[in-house]
There are 2 protein chains.
Amino acid sequence: MSTNKGKLSLKTAEIEKISHLDYFNIAVSVDCVIFGYEQNEFKVLLIESDLEEFKGKLSLLGDLVRPDEDLDSASYRILKERTGLDDVYLQQVHTFGAIQRHPSGRVITTAYYSLVNINHHQLKISDNQVHWHNVADIRAMAFDHKQILDTCHEMLRSHIMEHPVIFNLLPEKFSLRLLQDLYEAILGVQLDRRNFRKKISLKDWVQDLDEMETDVPHRPGKLYKAKAKMSNGTITGVI
Amino acid sequence: MSTNKGKLSLKTAEIEKISHLDYFNIAVSVDCVIFGYEQNEFKVLLIESDLEEFKGKLSLLGDLVRPDEDLDSASYRILKERTGLDDVYLQQVHTFGAIQRHPSGRVITTAYYSLVNINHHQLKISDNQVHWHNVADIRAMAFDHKQILDTCHEMLRSHIMEHPVIFNLLPEKFSLRLLQDLYEAILGVQLDRRNFRKKISLKDWVQDLDEMETDVPHRPGKLYKAKAKMSNGTITGVI
DNA sequence: TCAAAAGTGTTGACTTTACACCCATGA
DNA sequence: TCATGGGTGTAAAGTCAACACTTTTGA
């Protein structure tokens with residue numbers, strides 16, 4: 001009895017699907033803010049927009065999500081297609097859904113930031129329209145991509161003091177000086193060397209390799225490697 | 001010259017739209033995790049799922065995003081439709097996009113948490129399938145909604161010590177005891193009363209009303225009101 | 001021997017935690 | 001007068017910020 005009565009008011013998934021068809025008309029995309037670091041510059045990988053509306057403007061690397069792939073998988077695919085890398089750190093940041101954000105129609109986009117080592121042997125930029133740009137120099141961009149970039153940069157800032165994600169931007173072996181320069185580039189502030197080294201050593205994120213820098217025109221520093229590098233998007237215990 | 005050459009390789013938005021049509025087949029929804037607080041219990045507003053697949057299971061309040069509304073507007077609309085409230089705190093948290101998360105087809109959903117005062121005179125739950133549930137008691141839910149709830153709860157935990165958002169859950173006038181109980185309910189820990197009061201008074205979030213509790217079976221406490229209540233989704237300077 | 005950066009400790013200010021007693025009210 | 005929670009201060013521990021000199025290397 002009550003089962004029958006219940007069934008009358010319940011929809012099956014199949015019926016609901018039909019009644020929802022009108023709504024399957026928003027496209028879903030993923031945009032990757034791919035950060036890198038090289039020669040004391042904090043950089044982001046961008047392409048020139050191929051839309052006439054944004055001719056000459058810089059754009060993030062993104063793509064529509066395929067019907068048969070997870071949202072996270074889409075960002076991994078974009079990374080892989082654009083850089084050849086597949087062991088990357090990816091972090092979802094925010095979804096941007098203003099009606100008019102894309103001139104081609106209604107497209108909402110989920111932004112991820114990712115951190116790659118620009119000098120990774122596997123890194124291969126396939127498209128010669130794609131280049132690294134100094135984050136500090138970037139002004140206008142296509143779509144709402146400047147806002148997306150800023151949001152991701154800000155999210156990264158708030159992560160790096162709490163989580164060992166930053167090592168994904170560095171080579172296997174690095175000096176504390178390099179690490180500090182990178183923190184300063186991302187945070188946009190100067191840090192005291194002694195306090196910085198104290199803080200890092202307390203966090204137990206790096207391991208002394210008993211090796212030294214070579215070919216530096218001054219006293220060489222010790223080299224370290226990341227002890228607890230996070231290589232894939234879940235920040236344990238947070239968010 | 002270079003303009004013509006450029007144009008050949010540029011797509012217009014109109015042309016791109018057509019080539020993208022195949023992809024307009026992912027539905028986009030918004031789910032609201034509406035938190036409240038009453039009688040020393042941290043609560044969330046849920047409905048019984050109307051899908052046969054999840055019969056009897058609890059579900060968040062959500063809806064498909066309309067083609068002509070912003071993502072954020074959709075969450076405001078859901079809040080308004082379900083609670084009658086329109087001056088609410090809403091915060092986007094995360095977008096969930098696993099392929100199989102919805103039995104009706106491919107639906108990605110953006111989760112927002114919102115904070116409402118359960119005793120607000122304007123609050124009117126329209127649907128009698130919708131009820132407040134103690135967050136601590138909730139086990140299985142429909143879809144991936146338990147995971148969404150947990151993610152939003154965790155995000156709220158990390159916000160409340162830094163930002164004056166919690167007052168959205170309380171009546172206009174409240175005692176510090178009530179405020180502390182609420183913090184403890186959300187954080188799931190006990191707090192020292194003296195230290196808690198010190199911390200709150202340092203933050204300059206509340207204003208002494210020079211009024212006292214009434215009808216309490218013990219010494220009445222002072223009443224306060226929020227000085228810096230944030231009523232709408234942007235957390236300044238963070239994220 | 002000079003220039004450049006590496007490496008290292010201490011002090012004071014501030015923040016956080018732990019903790020105990022008296023007070024005001026209603027029953 | 002009792003039970004209940006309100007209201008308050010201090011001391012110790014820990015964290016953070018500021019700051020200067022010696023060492024090692026290559027040129």
Side-chain angles (χ1 to χ4, degrees), chain A residues 37-41 157-164 170-171 173-227, chain B residues 37-41 157-158 160-164 170-171 173-227 238:
Chain A
Y37 183 69
E38 192 181 33
Q39 290 170 338
N40 215 8
E41 282 185 358
R157 276 197 193 105
S158 72
H159 283 167
I160 55 174
M161 296 316 292
E162 319 294 330
H163 307 280
L170 295 174
K173 304 174 179 186
F174 51 86
S175 64
L176 289 184
R177 156 65 49 190
L178 184 61
L179 184 62
Q180 183 178 341
D181 285 344
L182 175 51
Y183 268 96
E184 290 177 346
I186 294 175
L187 296 172
V189 296
Q190 295 290 104
L191 302 171
D192 178 86
R193 195 166 81 256
R194 285 161 292 188
N195 293 337
F196 176 78
R197 295 162 99 94
K198 240 177 299 174
K199 185 170 268 179
I200 292 296
S201 68
L202 280 175
K203 287 198 192 291
D204 196 40
W205 287 348
V206 299
Q207 182 179 335
D208 188 340
L209 285 171
D210 274 320
E211 289 178 62
M212 296 303 228
E213 288 179 298
T214 50
D215 298 321
V216 287
H218 54 75
R219 172 173 175 181
K222 284 190 185 179
L223 291 175
Y224 295 81
K225 71 167 190 172
K227 209 186 247 184
Chain B
Y37 182 68
E38 192 181 33
Q39 290 170 339
N40 214 9
E41 282 186 0
R157 276 195 193 107
S158 71
I160 55 173
M161 295 317 291
E162 318 294 331
H163 307 281
L170 295 174
K173 304 175 179 185
F174 52 85
S175 65
L176 289 184
R177 154 66 46 190
L178 185 60
L179 184 62
Q180 182 178 342
D181 285 344
L182 176 51
Y183 267 96
E184 290 178 345
I186 294 175
L187 296 173
V189 296
Q190 295 290 104
L191 301 171
D192 178 87
R193 195 165 84 255
R194 284 158 294 185
N195 294 337
F196 176 78
R197 294 162 100 95
K198 241 178 297 173
K199 184 169 267 178
I200 291 296
S201 69
L202 280 174
K203 288 199 193 289
D204 197 39
W205 287 348
V206 299
Q207 183 179 335
D208 188 339
L209 285 171
D210 275 320
E211 291 179 59
M212 296 304 226
E213 287 179 297
T214 50
D215 297 321
V216 287
H218 53 76
R219 174 174 174 179
K222 284 189 184 181
L223 291 175
Y224 295 81
K225 69 168 189 171
K227 209 186 247 186
V238 162

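These numbers come from the heavy atoms of this one structure, side chains and all, not from hydrogens, waters or symmetry mates. Each chain gets a letter, A, B and so on, in the order its sequence line appears, and its residues count up from 1. Nothing here was measured: the structure is a model prediction, and the numbers come from that model.
Put simply, CG on N195(A) is 14 Å from P on dT15(D), counting in whole angstrom units. Distance, Y224(A) OH to dA6(C) P: 11 Å, rounded to whole Å. In this entry the distance linking CG of L179(A) with C1' of dA6(C) reads 15 Å, nearest Å. Distance CZ (R194(A)) to P (dC21(D)): 10 Å, rounded to an integer number of Å. Nucleotide dA6(C) holds its P atom 12 Å from the CZ atom of F196(A), rounded to whole Å. Distance CG (L223(A)) to C1' (dG7(C)): 15 Å, rounded to an integer number of Å. Atoms CG (D215(B)) and C1' (dG5(D)) sit 16 Å apart, rounded to a whole Å. In this structure, the CZ atom of R219(A) is 18 Å from the P atom of dA3(C), given to the nearest Å.
The two residues S175(A) and E213(A) make their nearest non-hydrogen contact at OG-OE2, 3.7 Å. In terms of heavy-atom proximity, D192(A) sits nearest to Q180(A) at C-NE2, 4.1 Å. Between R157(B) and I186(B), the closest heavy-atom pair is NE-O, 3.1 Å.
Of all nucleotides listed (dA20(D), dA17(D), dT17(C)), dA17(D) comes nearest to the side chain of K198(A). Closest to the side chain of K222(A), out of dA17(D), dG7(C), dA20(D), is dG7(C).
A close approach under 4.0 Å does not occur between any side-chain nitrogen or oxygen of R197(A) and OP1 or OP2 of dT8(C). Proximity of R177(B) to the phosphate of dG6(D): a side-chain N or O atom is located under 4.0 Å from OP1 or OP2.
Residue order along DNA chain D, read from the 5' end via each residue's closest nucleotide, puts D192(A) first among D192(A) and P220(A). Map H218(B) and P217(A) each onto its nearest nucleotide of DNA chain D; the residue landing nearer the 5' end is H218(B).
Salt bridge absent: K222(B) and E211(B) never bring a charged side-chain N and a carboxylate O closer than 4.0 Å.
At a cut-off of 3.5 angstrom, counting only N and O atoms as typed in the model, there is no donor on one side facing an acceptor on the other between the side-chain of K203(B) and the base of dT15(C).
No side-chain donor-acceptor contact under 3.5 Å links Y224(A) to the backbone of W205(A).
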